[in-house]
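Structure first, then comments.
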Amino acid sequence: MAVYTEVTDEDVAAFVAEYDLGSVRSLKGIAEGVENSNYLLVTTAGPHILTLYEKRVAEADLPFFLGLMEHLAARGIECPQPVAARDGQALRRLAGRPAVIVTFLDGLWPKRIQPWHCQALGGALARMHEAGADFAMTRPNNLSIEGWRRLVADCTGRADTVQPGLAEGITRELAFLESRWPTDLPTGLIHADLFPDNVFFRGDRLSGLIDFYFACTDMLAYDLSICLNAWCFEPDGAFNVTKARALLASYRAERALSPAELAALPLLARGNALRFLLTRLYDWLNHPPGAFVRPKDPLEYWRKLRFHQHVAGVAAYGIDP
Ligand SMILES: Nc1ncnc2c1ncn2[C@@H]1O[C@H](COP(=O)(O)OP(=O)(O)O)[C@@H](O)[C@H]1O
Ligand SMILES: N[C@@H](CCOP(=O)(O)O)C(=O)O
């Protein structure tokens, strides 16, 4: 479960006493998520989320993430809001980690994805891209193509223990992507991890987006390609063109995709498949035995990558170029 840092009742009571949130009623570790320690914190003022930031989140990036959530909410995008303590500071320390309390977002993430989820997602992603256009801060994507070579170097030595031939496949794919990676597509604020577990629905309505801790400045179409991979494959690995069409068409209805963005989608989908394959593979090869968090399956993303290697154009995703 995603609680890496345990906190004592005394520490939490002292921490919450710095806020206008009343007193602590309960604190429960949240099993979901893989990056940070998350707790459901219930005080006399209601439920909140207490997050302690762990290894992959650089402390220097936290003002970007927190500022972004405030910026998006001010433009009508439902997302958690950092709560400031009485001294005006939201970013604090608890149990030796940077820590923040954010508002609780109602809703559930979809366990069985239907085309209408993808349709709602496409519109929400496009609106988030539009809302991020005037966000003043920028953050490079350290998990984009410049960062993949280092991950490949860290993983290839043992990649074949996961699947024979994987090291060679990864190395070849990286060389292919490095020779073709686009540099002239529209860029802006992207979420960069908009998987189903980061999108909440209430009934048949998308109720908000969470987990902005990979957000960065990168190609907008790359964000869309991440959703294509995360939302449009079935558990058995089959690509669902109906879901892809719903996602891409609803995105396009809110924000036009240029011919160059459309043409690049298969390549961007290969790129993000390699990115998630590599981070999952790294975690798979390096997770301590007995750790609570079960690493995610890297080969799921190898199979998605293989699918896009055979895609010639966006018609395969159910839309017209
Ligand atoms: N603001 C929030 N409101 C409600 N639940 C939340 C909120 N933030 C996180 N959660 C819960 O915590 C889980 C893990 O959060 P997430 O940000 O995805 O963690 P991680 O960064 O470790 O992946 C989510 O799946 C959700 O159940
Ligand atoms: N979405 C990534 C891992 C990051 O997990 P999250 O809980 O922060 O969304 C993956 O699936 O590899």
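The structure displayed is predicted, hence computed values, not measured ones. Whatever order the structure lists them in is the order used to number ligands and atoms, beginning at 1.
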- line: In chain-and-number order, ligand 1 lies under 4.0 Å from a heavy atom of each of I30, E32, G33, V34, E35, N36, N38, I49, P80, V102, T103, F104, L105, D197, N198, F200, I210, D211

Exercise answer: donor-acceptor pairs, residues 174-189 side-chain atoms, under 3.5 Å, sequence neighbours excluded:
unit_1 : atom_1 : unit_2 : atom_2 : d
E178   : OE1    : R149   : NH2    : 2.6
E178   : OE2    : R149   : NE     : 3.0
S179   : OG     : F176   : O      : 2.7

message: Can you confirm whether more than 12 heavy atoms, excluding those of Y19, are under 6.0 Å from its OH atom?
response: yes

task: Indicate, with yes or no, if I210 and L121 share a hydrophobic cluster defined by side-chain heavy-atom contacts under 4.5 Å among Ile, Leu, Val, Met, Phe, Trp and Tyr.
output: no

statement: When rounded to the nearest 0.5 Å, the distance separating NE2 of H308 from CD of E173 is 10.5 Å

message: Given a heavy-atom cut-off of 4.0 Å, could you list the residues near ligand 2 in chain and number order?
response: G33, V34, E35, D193, F195, D197, N198, D211, F276, R280, K296

message: Determine whether the aromatic ring centres of residues F65 and F212 are separated by less than 6.0 angstrom.
response: no

- prompt: How about H191 and Y222: are their ring centroids closer than 6.0 Å?
  reply: no

Residue list, ring pair (Phe, Tyr, Trp, His ring centres under 6.0 Å) with F201, at least two apart or on another chain: W116, H117

query: Would Y301 and F233 count as a close aromatic pair, with their ring centres under 6.0 Å?
result: no

- request: Cation-pi check, K111 to W109: give yes when NZ or CZ is under 6.0 Å from the six-membered ring centre and within 45° of the ring axis, no otherwise.
  value: yes

